[in-house]
Amino acid sequence: MEKSLFKKFILPPELERIVENKEVILAESREDLSDLSLGRIEGNTFEVAYNTPGIGRVVEATVIRCKNGISVNYADPYLRRRDPDCMVIADHRPTDKPKFIDKYGTEFTDLRKATFDWLEEQDELIIVPFMSGGDETGYPSLLVAPANAGFFAAGLADLQGFIPRSKIPQDFTPRAVIYLAPPFRHTHFNGKQVVVHNRLDKMHEMFAYNLYPGPSAKKGIYAVLLDIGEEEGWTTLHASAVKITTPYENVFTIMHEGASGSGKSEMTGAIQREQDGRVLLGTNIKSNEKYYLDIKDSSELQPVTDDMAIALPSFQNGKKLVIKDAEHGWFLRINHITQYGTDPAIERATIHPKEPLVFFNIDGKPDATCLIWEHTLDAPGKPCTNPRVILPRKFVPNTVDEPVEVDIRSFGIRCPPSTRENPNYGIIGIFHVLPPALAWIWRLVAPRGHANPSIVSAEGMISEGVGSYWPFCTGRRVDQANLLLEQILNTPLTRYILIPNQHIGAYEVGFMGQWIAREYISLRGNVSFKKEPMVPARSPLLGYALESLKIDGQVIPKHFLQVELQKDNGIEGYDAGAKLLTDFFKETLNQYLVPDLHPLGRKIIETCLNDGTLTDYIDLIQYPLESKITETPIA
C-alpha cells in the first residue's frame, strides 16, 4: 500500500507509528474484502489461526467460500453468540459498567501498549474507514485488524458501510477506532470474549479481543453512538421499524424496541403462514389445541431499521419521534428458519444475493450454496441458536432511507409459558396499550426474557436495562434514563404498546402476537385511549388490555387478550405471574433512584414502588389523547 494515501488521515500517534512501519491493506470494494476473507488464496477453505504464547497455534475460525458468499464458523461454540458481560471500561469517566482496573486489578495502560505492539508485529494489517451512524450523519471511524481476519473486516463493512480507498476524504479524523487482537482472549482473559472501551477526548477506542463481530463490529459501534449521543443530548434506540401501507391505503409506522430476541427483525417481516395459507395464532402447550386465522390481505411492508434507530435532534419536529437507520446492513438471526419455505423473502435474498454475503454459524460447504436453514451444530443433535447472515440494506427491497415519523412505539418481551401449576410472567395478552409513564419504566427494566437465542445467558428474568441497549452503553444508567424520558415528553403524539412473543399464557405463539398487532393497528390507523375497546389490565404494569379484537371479520378469542381468562391460568395463575413481574420491576427500578434522576422520573418510579394504579401512571404525563390520523373501521 502506497503510504501517500495515509496523508489523508489524521491519526492518533500510536496508530500513526504502526501505519508508518507496516504493510497496510485498504480495500476498494466488497470483492476485495471477500478475497481477504479467504486470505487471498485460490482455495475454498481458510483457517483463521494465531500463534498464541503458552498455547501454540489456535484456530479461531474457519472460512468457507460458497457460491453465495462466505460461511464463517468458530471452533469454540462459546464464540457463536455474544457474551453479555464482555464489556469493560478502561477510562476514568463516569460509568456504571465494570471498570478494567476493578475487574483485573491493574490499569489498562500495559495491555493497551501490548496490543499496539502485537499489531505492529503482524506481517500485514487491514484498515477499514467507515462512518459510524450513516454516511451523511455519521462519525469518522476505523477498524484496524490483522490481515488474516478479513472476514471480520468484510462483516463490519457490510454492517456499518465502508469508504473505498479511492474515496477517502482529506483530513479523515477518526472519532472511534476498533483495534482487533484475538489472541489476547487466551493470554489475558481465560478464553472469554472481552471488549475494552477507552473513552478519550474526542476519541472512542475499542479493543476487541475476540472474532465474533456481535460485541464489537455491531454492538461496539452502537456503544460509540450512545457515547457520542450522551455528550450531545440524543440517543440511538435498540429498535426495528417498518412503514406499513394497508389495503385501505393507510400509511403507518411502527417501531419495535426490546432486547435481543424480542422480535425486532420479525416485525419487519411478513406474517408466517401454514402451507394452506392460514395463520396459526397459537397452540395450547397442554392440550395441543390450535387456533387458526384466515388473513387474506396483508399490508405492504417497507423496512426502515432492523436494530439501531438513530434519533438525532435535527430530525425531530416536536410531535412524533423521528428516526433513521443507523446501519448499512442487518445482522439477521435466522434460527427460526429450519426448512425451505419458512421465510421466502429472506431465503430468496440469501440464496440468490446481488453480491456475496457473510454467513455465521451456518454449515456452508465449499463451492456450494450456503443454505440458511442448515445451522451449525453446537453439539451432536443441537443446532446453534444464533445462526446469522449480514444482509446489506441496499439488497433489501422497499427499504426507506429517509427519516420517518413513528406512530407507535412497541416494546417486545420474550415470555415463558405460564399456567396455574407453573405460574410465570408470561401473562401478557396479544398487545397492551401503555400510557407514556409506563412505557418509560418498561424501557428502564427491559426484561431480557425467556430462552434468548442471541446471547450466552442464564435462565430466568434478567434486566437488559435502559431502553434494552444498556449492555452496549459505556456511561451511567441515569443519564440514559433521563434522555429516554425527555424523548417521550418531547414526542406527545407517538403512542406506546407492549407485545409478548413465544408464549401468551399457556399458548405457544412464536412471534404471531406482534404480526397480528401490526396488522390490526395499521388497519385501525391509530391507537387511542378513547376509541379502542380496552379495559384496565388486572396488573397495572400492563396498562390497558384489549376487550375485543377483530381482524378480517374474525374475532380473536378473548383469552388471547386477557390471560386470566384462560382455563389453564385463571385469576390464581395470572396473579402469581403478575407478582413475579411486579417484584422484578421494583427490584430493578431501585437502582435508578439516584440524585441526578429527572424529578418526573423519580415520581414515576416511586409510583411503581408504591403499587400505583393505572390512573396514577396516566396522571403523571398528560398528553392529548387523539392524533389526526384517519381511522379505518375493521370489518
Side-chain angles (χ1 to χ4, degrees), residues 131-138 158-161 218 221-222 225 234-258 263-271 297-332 343-346 348-350 353-354 389-412 487 491 493-495 497 514-515 517-519 521-527 627 629-630:
M131 299 294 288
S132 293
D135 291 341
E136 297 175 0
T137 54
D158 277 355
L159 285 168
Q160 310 298 344
K218 170 71 172 170
I221 296 304
Y222 198 163
L225 293 176
W234 53 271
T235 193
T236 300
L237 299 162
H238 196 203
S240 67
V242 60
K243 191 173 183 179
I244 307 156
T245 303
T246 72
Y248 302 98
E249 297 186 354
N250 282 345
V251 178
F252 202 78
T253 299
I254 296 179
M255 184 178 77
H256 188 67
E257 298 165 81
K264 292 187 291 298
S265 294
E266 287 78 8
M267 182 58 87
T268 66
I271 297 177
D297 296 323
S298 295
S299 300
E300 178 190 344
L301 305 176
Q302 292 180 272
V304 181
T305 76
D306 177 70
D307 187 66
M308 290 164 56
I310 195 167
L312 292 171
S314 59
F315 297 165
Q316 308 312 312
N317 58 25
K319 297 177 182 178
K320 295 180 180 179
L321 179 67
V322 182
I323 56 143
K324 187 176 185 292
D325 200 346
E327 300 180 285
H328 271 256
W330 298 344
F331 201 33
L332 298 182
D343 194 324
I346 294 179
R348 186 164 49 248
T350 57
K354 297 177 181 179
V389 59
I390 301 176
L391 193 60
R393 61 175 285 127
K394 66 181 180 180
F395 297 171
V396 180
N398 300 320
T399 53
V400 179
D401 296 325
E402 65 271 9
V404 298
E405 282 188 344
V406 174
D407 298 297
I408 291 286
R409 288 177 69 167
S410 63
F411 198 86
Q487 187 180 73
T491 54
L493 295 185
T494 293
R495 302 285 184 252
I497 62 173
Q514 67 190 54
W515 288 321
R518 183 186 68 193
E519 291 297 314
I521 293 169
S522 59
L523 287 167
R524 286 286 293 173
N526 193 13
V527 172
S627 67
I629 300 172
T630 302

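This one's a predicted model, so the numbers in the text were calculated from it and none came from an experiment.
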Option from Lys320, Arg495, Gln487 for which side-chain contact (heavy atoms from CB on, under 4.5 Å) with Arg409 holds:
Gln487
Check the side chains of His256 and Ser240 for a donor-acceptor pair under 3.5 angstrom, ignoring hydrogens and angles.
no
To check you understand the geometry: which heavy-atom pair defines the closest contact between Ala239 and Glu257, and what is its length?
CB-CG, 3.6 Å
Contact between Ile244 and Leu301 at the side-chain level, heavy atoms closer than 4.5 Å - yes or no?
yes
Is there a side-chain contact between Gln316 and Leu321 in this structure, where contact means two heavy atoms from C-beta onward sitting under 4.5 Å apart?
yes
Between the OG1 atom in Thr137 and the CZ atom in Phe315, the distance rounded to the nearest 0.5 Å is 5.0 Å
Atom NZ in Lys324, atom CG in Leu312: separation rounded to 0.5 Å?
9.0 Å
Do you know the tightest heavy-atom contact between Thr236 and Ile310?
OG1-CG1, 3.7 Å
Euclidean distance, Ser410 OG relative to Arg518 CZ, rounded to 0.5 Å:
10.5 Å
Find out whether His328 and Lys394 are in side-chain contact, i.e. whether some heavy atom of one side chain is under 4.5 Å from a heavy atom of the other.
no
Glu402 atom CD: more than 12 heavy-atom contacts under 6.0 Å:
yes
Is there a donor-acceptor pair under 3.5 Å between the side chain of Ser265 and the backbone N or O of Leu332?
no
For Asp306 versus Lys264, what's the shortest heavy-atom pair and its separation?
O-CB, 3.7 Å
Is there side-chain contact between Asp307 and Phe331, with heavy atoms separated by less than 4.5 Å?
no
Do Ile254 and Gln514 have side-chain heavy atoms sitting under 4.5 Å apart?
no
What are the two closest non-hydrogen atoms of Pro392 and Ile390, and how far apart are they?
CD-O, 3.5 Å
Taking the side chain as C-beta and beyond, is there a heavy-atom pair between Thr246 and Phe252 under 4.5 Å?
no
List the residues meeting side-chain hydrogen bond (donor to acceptor under 3.5 Å, both in side chains) with Ser132, not counting sequence neighbours, and say none if there are none.
Ser141
Please tell me if the side chains of Val251 and Lys243 come closer than 4.5 Å, counting only heavy atoms from C-beta onward.
yes
For Trp234 and Ala311, the nearest pair of non-hydrogen atoms, with its separation, is CB-O, 3.7 Å
CG of Asp158 to CZ of Phe395: how many Å apart, nearest 0.5 Å?
7.0 Å
Quick one: are Val404 and Ile323 in side-chain contact, heavy atoms under 4.5 Å?
yes
I need the Met308 CE to Trp330 CH2 distance, nearest 0.5 Å.
13.0 Å
Shortest non-hydrogen pair, Leu523 vs Asn250, comes out as O-ND2, 3.5 Å
Rounding to 0.5 Å, atoms OG1 (Thr268) and CG (Asn398) come to a distance of 12.0 Å
Does a salt bridge link Glu327 with Arg393, judged by any charged N lying under 4.0 Å from a carboxylate O?
no
